[in-house]
Asks: 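Structure provided below as structure tokens; questions to follow.
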Number of protein chains: 2
Amino acid sequence: MDTQNPAVDLVLQSALLWSGMIKKADLQLSVHGISFSEFCILHRLFQAPQHRLSRIELASAVGLSASGVTRLLQPLEKMLLVEKEQNARDARVSLVKLSDSGQQIYQDAHQTFGFFANQFMSPLTSRQQETLAELLARL
Amino acid sequence: MDTQNPAVDLVLQSALLWSGMIKKADLQLSVHGISFSEFCILHRLFQAPQHRLSRIELASAVGLSASGVTRLLQPLEKMLLVEKEQNARDARVSLVKLSDSGQQIYQDAHQTFGFFANQFMSPLTSRQQETLAELLARL
DNA sequence: ACAATATACTTGCACAATCAAGCATTGGTC
DNA sequence: GACCAATGCTTGATTGTGCAAGTATATTGT
């Protein structure tokens, strides 16, 4: 590609790779009626204590703005996958809780996504995947 | 994060990392009046023989749809960074050529981006960056 | 106690990117 | 030579996302 600056190529190569990855993931997840971003939201909620997080925490966890989270959650609320709750200590924060049906959908989607992720990473051995994870973790 | 499936975490971690990277890159490039996507376009054009590519080639090179490329190029044409040219053999294709001023802007932006990319990759040694590039190249 | 500042959202507007549909051109097939 | 599928591109409508501004609540300083 570029003979001058390997870091430039590395960054551009990665950006291309991950934009393609997200498109493929979106396609796989569409059978569950959710997008990649929505899956990320559900994933973080599932991991959280009591499956509950504030919108701000959610935003930074998935790399979106606060307004992005607000809008992403609207359809999920209508589908009853998540519920709004109040925080007793601070009336500003409105907590998001994964509902029972949300957990169900998440687990179905997780299976699909896990299969996809394994397939996507299959050109690398487990050892190489670990190495990759370590390298990325430093960035 | 997830104790069940390391590939899932790896993919989600990466997606988060690169979405953040693109935002930072956009910020850096804004001093040249271009976005990350526009920089990618200019980069590919600069590398191409005679700094010239068809819109389809450009689209796949930067991971956009054909219509995305059409729309991205409109402002660049107005700024006279690129020029439209016809292909003698096939009247369907309209080639995009990097103009002289486009090359100038690109080289300025490349310097900024190169600096950014080096900084972004600085937690990794050159050796590690090579390893990372090799691993990503397989995916 | 009260003002000033900060935080947690939500909303209006703008923009980037996609898809579906359409147009023009090419190349193949009968 | 005339249809027909495929290709390269553009356009209209829609979606996703961010930013700036607004509201409500909390916190800090005096």
Side-chain angles (χ1 to χ4, degrees), chain A residues 15-16 18-27 29-30 33-42 48 52-79 82-97, chain B residues 15-16 18-30 33-42 45 48 52-79 82-97:
Chain A
L16 187 54
W18 294 110
S19 91
M21 189 280 294
I22 289 174
K23 278 168 200 160
K24 286 180 199 165
D26 259 320
L27 192 61
L29 288 169
S30 66
I34 63 177
S35 67
F36 177 72
S37 295
E38 287 167 332
F39 176 74
C40 290
I41 293 275
L42 298 182
R52 200 158 48 173
L53 279 178
S54 81
R55 286 150 140 80
I56 292 283
E57 290 168 312
L58 213 38
S60 71
V62 302
L64 287 178
S65 65
S67 58
V69 168
T70 295
R71 290 197 227 273
L72 253 185
L73 287 177
Q74 280 167 0
L76 296 181
E77 279 173 35
K78 280 191 189 162
M79 287 191 278
V82 302
E83 293 157 6
K84 233 178 197 170
E85 288 192 0
Q86 293 241 327
N87 181 334
R89 302 237 175 141
D90 189 336
R92 289 170 303 180
V93 325
S94 92
L95 297 169
V96 188
K97 177 164 185 177
Chain B
L16 187 55
W18 295 111
S19 90
M21 189 280 294
I22 289 175
K23 277 167 201 162
K24 286 180 197 165
D26 259 319
L27 192 61
Q28 297 293 312
L29 288 169
S30 66
I34 62 177
S35 67
F36 177 73
S37 294
E38 286 167 332
F39 176 75
C40 290
I41 293 274
L42 297 183
L45 283 176
R52 201 157 48 173
L53 280 178
S54 81
R55 285 151 140 78
I56 291 284
E57 290 168 311
L58 214 38
S60 71
V62 300
L64 288 179
S65 64
S67 58
V69 168
T70 296
R71 298 200 148 99
L72 252 185
L73 286 176
Q74 281 166 0
L76 296 181
E77 278 173 33
K78 280 189 188 162
M79 289 191 275
V82 302
E83 293 157 5
K84 233 177 196 169
E85 288 191 2
Q86 294 241 326
N87 182 332
R89 301 234 175 144
D90 189 336
R92 287 170 304 180
V93 325
S94 92
L95 297 169
V96 188
K97 177 165 186 177

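Every heavy atom of this structure was used, including side-chain atoms; hydrogens, water molecules and symmetry mates were not. Chain letters run A, B, ... following the sequence lines, proteins first, then strands; residues in each count from 1.
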Asks: Take the protein atom CD of Q86(B) and the nucleotide atom P of dA24(C), then report the distance between them rounded to whole Å.
Replies: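 Taking CD of Q86(B) and P of dA24(C), I get 14 Å after rounding.
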Asks: Under 4.0 Å between a side-chain N/O of S54(A) and OP1 or OP2 of dC9(C), yes or no?
Replies: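 Yes, such a contact exists.
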Asks: Choose from dC9(D), dG18(D), dT25(C) the nucleotide whose nearest atom is closest to any side-chain atom of D90(B).
Replies: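 The closest nucleotide is dT25(C).
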Asks: I need the minimum non-hydrogen distance between E38(A) and P75(A), along with the two atoms involved.
Replies: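 Closest approach of E38(A) to P75(A), heavy atoms only: OE2-CG, 4.4 Å.
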Asks: With sugar-phosphate meaning primed atoms plus P, OP1 and OP2, does S35(B) contact a base, only sugar-phosphate, or nothing at under 4.0 Å between heavy atoms?
Replies: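 Answer is nothing: S35(B) stays at 4.0 Å or more from every strand.
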Asks: What's the CG-P distance between L58(B) and dA17(C), to the nearest Å?
Replies: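 The answer, rounded to whole Å, is 13 Å.
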Asks: Any idea which heavy atoms bring A15(B) and I22(A) closest together, and the distance?
Replies: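 Reported closest heavy-atom pair: CB-CD1, 4.5 Å.
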Asks: Quickly, which of L76(A), L58(A), L53(A) forms a side chain to side chain contact (heavy atoms under 4.5 Å, CB included) with V96(A)? Name it, please.
Replies: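 Result: among L76(A), L58(A), L53(A), L58(A) is the only option passing the side chain to side chain contact (heavy atoms under 4.5 Å, CB included) with V96(A).
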Asks: Report the nucleotide, chosen from dT17(D), dA8(C), dT18(C), that has the shortest atom-to-atom distance to any side-chain atom of S37(A).
Replies: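 The closest nucleotide is dT17(D).
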Asks: Starting at CZ of R71(A) and ending at P of dT14(D), how long is that distance when rounded to a whole Å?
Replies: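 Spelled out: CZ on R71(A) to P on dT14(D) is 18 Å.
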Asks: Looking at the side chain of R92(A), which of dT25(D), dC9(D), dT10(D) is the nearest nucleotide?
Replies: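 So the nucleotide nearest the side chain must be dT25(D).
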Asks: Please report the distance, rounded to the nearest Å, between CG in N87(B) and P in dT7(D).
Replies: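 Interatomic distance, CG of N87(B) to P of dT7(D): 16 Å.
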Asks: Find the distance R52(B):CZ to dG8(D):P and express it as a whole number of Å.
Replies: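 In whole Å, dG8(D) P lies 17 Å from R52(B) CZ.
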Asks: Please classify the nucleic acid contact of S94(B) as base, sugar-phosphate, or nothing, using heavy-atom distances under 4.0 Å.
Replies: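 The residue S94(B) makes sugar-phosphate contact but no base contact.
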Asks: Between S67(B) and dT10(D), does any side-chain N or O lie under 4.0 Å from OP1 or OP2?
Replies: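 Checking dT10(D) against S67(B), no side-chain N or O comes under 4.0 Å of OP1 or OP2.
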Asks: Of the options dC9(D), dC13(C), dG8(D), whose atoms approach the side-chain atoms of R55(B) most closely?
Replies: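 Nearest nucleotide to the side chain: dC9(D).
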Asks: L72(A) CG to dT11(C) C1': how many Å, rounded?
Replies: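 So the CG-C1' distance, L72(A) to dT11(C), works out to 16 Å.
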Asks: Could you tell me whether the phosphate oxygens of dG18(D), OP1 or OP2, come under 4.0 Å of any side-chain nitrogen or oxygen in K23(B)?
Replies: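 Looking at the OP1 and OP2 atoms of dG18(D), one of them is under 4.0 Å from a side-chain N or O of K23(B).
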Asks: Please determine, for the side chain of A91(A), which listed nucleotide (dT25(D), dC9(C), dG12(C)) has the closest atom?
Replies: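 The closest nucleotide is dT25(D).
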Asks: Rounded off to whole Å, could you give me the CG-to-C1' distance for the D26(A) and dT15(D) pair?
Replies: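 After rounding, the reported distance stands at 12 Å.
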Asks: Is there a side-chain contact between E57(A) and R52(A) in this structure, where contact means two heavy atoms from C-beta onward sitting under 4.5 Å apart?
Replies: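 They are not in side-chain contact.
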Asks: What does A66(A) touch in the nucleic acid at a heavy-atom separation under 4.0 angstrom: a base, only the sugar-phosphate, or nothing?
Replies: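 Here A66(A) touches the bases of the nucleic acid.
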Asks: Taking atom NZ of K24(A) as the centre, report whether more than 12 heavy atoms of other residues, nucleotides or ligands fall under 6.0 Å from it.
Replies: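 No, NZ of K24(A) has 12 or fewer neighbouring heavy atoms, counting only those of other groups under 6.0 Å.
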Asks: Is T70(B) touching bases, backbone alone, or none of the nucleic acid, heavy atoms closer than 4.0 Å?
Replies: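 It contacts base atoms.
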Asks: Under 4.0 angstrom, heavy atoms only, what part of the nucleic acid is G68(A) near: base, sugar-phosphate, or nothing?
Replies: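 Sugar-phosphate: the residue G68(A), judged by heavy atoms under 4.0 Å, touches backbone atoms but no base.
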Asks: Start with the C-alpha distance between L73(B) and I41(B), add both sets of side-chain angles, then the distance that settles side chain to side chain contact (heavy atoms under 4.5 Å, CB included), and finish with yes or no.
Replies: CA-CA 9 Å; L73(B) 286 176; I41(B) 293 274; 4.1 Å; yes
Asks: Just the rounded figure in Å: distance from P of dA17(C) to CD1 of I41(B).
Replies: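 So the CD1-P distance, I41(B) to dA17(C), works out to 9 Å.
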Asks: Give a yes/no on whether any side-chain N or O of K84(B) is located under 4.0 angstrom from OP1 or OP2 of dT10(D).
Replies: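 Yes, because at least one side-chain N or O of K84(B) sits under 4.0 Å from OP1 or OP2 of dT10(D).
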